[in-house]
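Computed from a predicted model, the values in this text were never measured in an experiment. The residues of the chain are indexed from 1 along the displayed sequence.
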Amino acid sequence: MTLLAEMITLPLTQPLVIFMLVMMIILFAPLLFRRLKIPNIVGLILAGVAVGPYGFNLLARDASFEIFGQVGILYLMFLAAVEIDMYHLKQNYRQGTVFGLLTFALPMIVGIPLTRYVLHTGWDTAVLISSMYASHTLISYPVVSRFGLSNIRGAVIAVCGTIVAVLLALVALAEVVSVRSSGGFDFIQLLILLMLSVGYAFAIGFAFPAATRWFFRKFSDSVAQYIFILTLVCVASVLAKAIGLEAILGAFYAGLVLNRFVPSRSPLMRNITFVGNAIFIPYFLIGVGMLINVGVVVRGWGVVTTALLMTATALATKYVAAGATRRLVGLNADETQLMFGLSSGKAAATIAATMIGFQYGLLTEDMMNGAVVMILICCIVASVVTERAAKKIRLRLTAAELETESPRKAGFARQIVAVSNPLTAEGIMRMAIFMRSPLNTETITALYVRNNDDRARMRMGREALKVAVGASETMDINCRPVERFDLNVMTGVANVMHEQDATEVIIGLHRKANIVDTFFGSMIEQLIASTRRMIIMSRCFIPVDTIGRIFIYVPDKAQYETGFTAWVARVANLASQLSRSVIFMCSGETASYIEAQVAESGYAFSRTYSEMTGWDDFIILSSQITDEDLLMVIGGRKGSLSYTGDMESMGAYLGKHFARHNITMIIPAQFGA
């Protein structure tokens with residue numbers, strides 16, 4: 001057969017033509033349906049219906065849709081887990097569990113007798129169909145992600161509830177099949193599945209972080225890191241399938257385990273969201289549409305009646321579950337609608353239950369066709385409701401942000417990142433970006449200062465500038481490179497700070513060169529003396545997004561310094577964006593001021609306070625710090641309120657006991673600008 005004949009034979013069989021048509025659908029379908037006020041997700045599903053075997057038969061649901069579709073649903077679950085801030089997850093997982101139990105139990109309680117006595121089925125079929133009501137797929141989650149609402153309470157609760165509901169629905173499905181096959185309930189098989197699940201959770205939870213930490217320290221290329229993460233997601237999914245769970249549960253658990261290694265503003269996260277939203281998730285949605293045979297509706301009133309009953313039961317019980325959860329946990333109406341939208345979509349688990357039920361003779365043809373119609377209607381309802389609720393929430397949040405934008409913007413950091421070594425420039429720039437507010441649109445200045453015409457040093461410094469600018473661009477931050485000739489390096493840095501009215505400078509921490517050298521080094525001591533603005537010195541032997549806990553030494557009376565609010569904000573931004581727990585080592589009085597500042601500013605991160613009344617306490621507490629953690633020291637200038645005799649010993653102590661540890665020192669702004 002000639003190439004032209006292959007290109008015009010329906011369904012299409014030429015791989016390049018198939019891929020071209022799918023790309024055109026992904027490109028043009030959302031644009032077309034947006035003009036019709038139809039959500040993108042619904043548009044892609046309807047486009048799949050149109051080009052699939054039950055529409056114009058342009059495409060067959062071949063291996064490409066099987067592969068990309070399967071990866072697409074895994075991607076949805078992984079993305080939902082990896083975008084959640086772990087602090088918000090820990091705050092809301094109990095409410096999520098409550099919602100999961102309700103959104104599973106209500107469809108089962110209502111659905112079993114309704115199906116049994118209205119559709120006149122057996123008890124096993126009634127349980128199977130009710131498990132289809134109870135399970136749901138986060139098919140409308142890309143809407144939540146697009147509006148930046150991944151961490152609001154309603155979304156976090158819905159995602160947690162999804163896992164609980166799907167897990168229980170799959171257990172119900174497995175037991176129905178077991179009863180159908182063996183004639184009785186197999187408690188031993190259920191116990192084995194539980195033990196395997198526990199072992200699986202421990203194995204993945206231990207092995208994946210260790211492997212990721214090692215790989216990220218060896219390879220900094222974002223493409224290699226993306227392939228590595230995607231491989232781990234597939235491994236977790238395959239292993240989950242092997243022990244009797246669903247692959248989507250493995251993908252979600254992998255996202256939770258890997259969450260801490262994928263900061264929201266990192267190049268890796270950008271790659272993950274881009275590829276998923278551009279290829280895998282649209283492929284999955286189109287594939288779902290290709291499964292739907294709308295023509296079954298006109299084949300008789302039996303299909304229509306069954307479809308309407310199943311759809312009404314599924315949507316009504318999900319709506320009631322969301323409303324009940326609202327009363328129990330105290331959500332507003334928009335968040336409740338968002339929960340209902342996220343929990344009403346049906347795809348992966350429901351399709352699997354439909355196919356298995358028909359295969360084992362539990363479902364008649366009318367029931368199977370009714371389930372297909374239910375899936376289509378539920379997907380449309382989920383997309384429409386989620387988008388409407390997300391728009392309302394986003395408008396409300398944006399209005400609140402605009403009210404406080406001016407005073408907050410006044411406190412935004414205007415940063416200078418001083419670099420000279422290409423090997424450390426990227427790490428210093430990334431530290432600076434993670435320490436600033438995500439709302440900050442101020443341009444960062446990458447600065448290289450020289451005081452001679454040494455060609456080798458000039459090439460190294462200019463290369464460091466390129467590396468720093470490249471690191472900021474991969475994180476979508478505007479950066480201005482500046483090369484300056486001055487009397488000496490620190491004078492140049494201080495002068496640029498004053499010229500640009502910078503709030504702070506971020507610089508590499510000095511490395512002690514000889515026995516008479518001080519911990520800071522003479523140049524940094526000169527910089528501290530020449531400016532009253534905040535100075536941040538960083539030395540990380542590992543990528544900043546792979547650090548473990550953050551320990552912060554805070555001297556007594558630090559709350560009375562001019563720069564107290566600013567350094568608390570930098571620490572809070574770092575911890576919240578990296579999703580790391582913070583241990584403040586300080587006095588009880590200082591701890592109360594820090595907690596009040598964090599709570600007032602609305603930062604969300606896990607934090608504890610360790611009582612420290614003297615130098616001996618710091619020595620004991622610092623023994624807990626490993627080479628995977630970050631030690632931050634809040635310093636002070638001589639003569640300031642927080643400067644004590646212990647500060648004199650700090651440099652020697654760190655130089656002796658923390659030479660191979662990750663350290664960041666902050667000298668807060670003092671006595672104004």
Side-chain angles (χ1 to χ4, degrees), residues 431 435 503-507 509-510 518-521 524-525 527-529 531-539 549-575 580-601 603 605 607-625 629-658 661-673:
M431 175 67 78
M435 294 184 80
T503 58
E504 64 225 50
V505 62
I506 299 90
I507 194 168
L509 185 62
H510 172 70
T518 62
F519 179 76
F520 288 114
I524 291 183
E525 289 178 347
L527 178 64
I528 294 173
T531 179
R532 295 296 182 181
R533 307 187 190 204
M534 182 157 60
I535 301 171
I536 302 173
M537 296 159 280
S538 178
R539 182 191 72 197
R549 300 164 297 176
I550 302 176
F551 289 80
I552 304 179
Y553 168 87
V554 186
D556 195 24
K557 297 185 176 62
Q559 66 270 25
Y560 300 121
E561 300 289 359
T562 306
F564 172 73
T565 301
W567 73 253
V568 171
R570 303 299 178 268
V571 168
N573 277 306
L574 178 67
R580 299 299 189 268
S581 60
V582 177
I583 298 92
F584 288 98
M585 300 176 287
C586 56
S587 66
E589 181 185 5
T590 303
S592 64
Y593 278 90
I594 295 174
E595 181 59 30
Q597 181 62 37
V598 171
E600 180 183 348
S601 302
Y603 294 108
F605 62 96
R607 54 196 179 273
T608 57
Y609 298 90
S610 296
E611 181 77 20
M612 185 181 69
T613 57
W615 182 252
D616 292 339
D617 291 334
F618 171 65
I619 293 176
I620 295 172
L621 292 171
S622 65
S623 63
Q624 305 172 26
I625 303 173
D629 299 324
L630 172 66
L631 170 62
M632 302 188 75
V633 176
I634 309 303
R637 293 172 173 84
K638 290 185 178 181
S640 63
L641 289 172
S642 61
Y643 192 88
T644 64
D646 294 340
M647 287 288 183
E648 299 286 351
S649 308
M650 180 63 74
Y653 178 75
L654 295 179
K656 181 178 180 180
H657 298 286
F658 288 84
H661 285 69
N662 310 302
I663 298 177
T664 295
M665 295 202 68
I666 299 179
I667 307 297
Q670 290 170 324
F671 310 117

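- A 4.5 Å side-chain heavy-atom check between P668 and T562 finds every atom pair outside the cut-off.
- Contact detail for I550 and I552: the closest heavy-atom pair is CG2-CG1, 3.9 Å.
- Using a 4.5 Å cut-off on side-chain heavy atoms (C-beta onward), M650 and Y553 make contact.
- Atom NE2 of H661 is separated from atom CG of L630 by 11.0 Å, given to the nearest 0.5 angstrom.
- Between M534 and A566, the shortest heavy-atom contact is CE-CB, 4.2 Å.
- Note that CG of L509 and CG of N662 are 11.0 Å apart. Values are rounded to the nearest 0.5 Å.
- For the atom pair CZ of F618 and OG of S623, the computed distance is 10.0 Å after rounding to the nearest 0.5 Å.
- Evaluation of the salt bridge (Lys or Arg N to Asp or Glu O under 4.0 Å) rule for D629 yields R549 as partners, not counting sequence neighbours.
- Side-chain contact between V571 and I594: absent, with no pair of heavy atoms (C-beta onward) separated by less than 4.5 Å.
- Using a 4.5 Å cut-off on side-chain heavy atoms (C-beta onward), Y609 and V554 make no contact.
- Looking at I583 and L621, their side chains never come closer than 4.5 Å, going by heavy atoms from C-beta outward.
- Contact of the L654 side chain with the L631 side chain is registered, since non-hydrogen atoms from C-beta on lie closer than 4.5 Å.
- Judged as a salt bridge (Lys or Arg N to Asp or Glu O under 4.0 Å), and not counting sequence neighbours, the contacts of E595 are R607.
- Nearest heavy atoms, M665 versus I663: CG-CG2, 4.0 Å.
- For the atom pair NE2 (H657) and OG (S622), the distance works out to 8.0 Å, reported to the nearest 0.5 Å.
- Checked against side-chain hydrogen bond (donor to acceptor under 3.5 Å, both in side chains), T503 has no partners two or more places apart in sequence or in another chain.
- Residues S538 and M431 come closest through the heavy atom pair OG-CE, 3.7 Å.
- If you take OH on Y560 and OG1 on T590, they are separated by 7.5 Å, rounding to the nearest 0.5 Å.
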- [ ] Any chance you could lay out the side-chain contact (heavy atoms from CB on, under 4.5 Å) test for E504 and M435, step after step, and finish with the verdict?
- [x] CA-CA 11 Å; E504 64 225 50; M435 294 184 80; 5.9 Å; no
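- Taking each heavy atom of F564 and Q559 in turn, the nearest pair found is CD1-CA, 3.5 Å.
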Open item on the list: Apply side-chain contact (heavy atoms from CB on, under 4.5 Å) to residues I619 and Y653 and explain how you reach the verdict.
Closed with: CA-CA 9 Å; I619 293 176; Y653 178 75; 3.9 Å; yes
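- When side chains are defined from C-beta on, R637 counts as touching I528, because their heavy atoms get closer than 4.5 Å.
- By the 4.5 Å heavy-atom criterion applied to side chains, K557 and Y593 are not counted as neighbours.
- Residue R580 comes nearest to F605 through the heavy atom pair O-CB, 4.3 Å, listed as atom of the first residue, atom of the second, then distance.
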- [ ] With side-chain contact (heavy atoms from CB on, under 4.5 Å) as the test, would you mind laying out the steps for T664 and L574 before giving the verdict?
- [x] CA-CA 12 Å; T664 295; L574 178 67; over 6 Å; no
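- Just one residue in the list I536, V582, I666 forms a side chain to side chain contact (heavy atoms under 4.5 Å, CB included) with M632, and that residue is I666.
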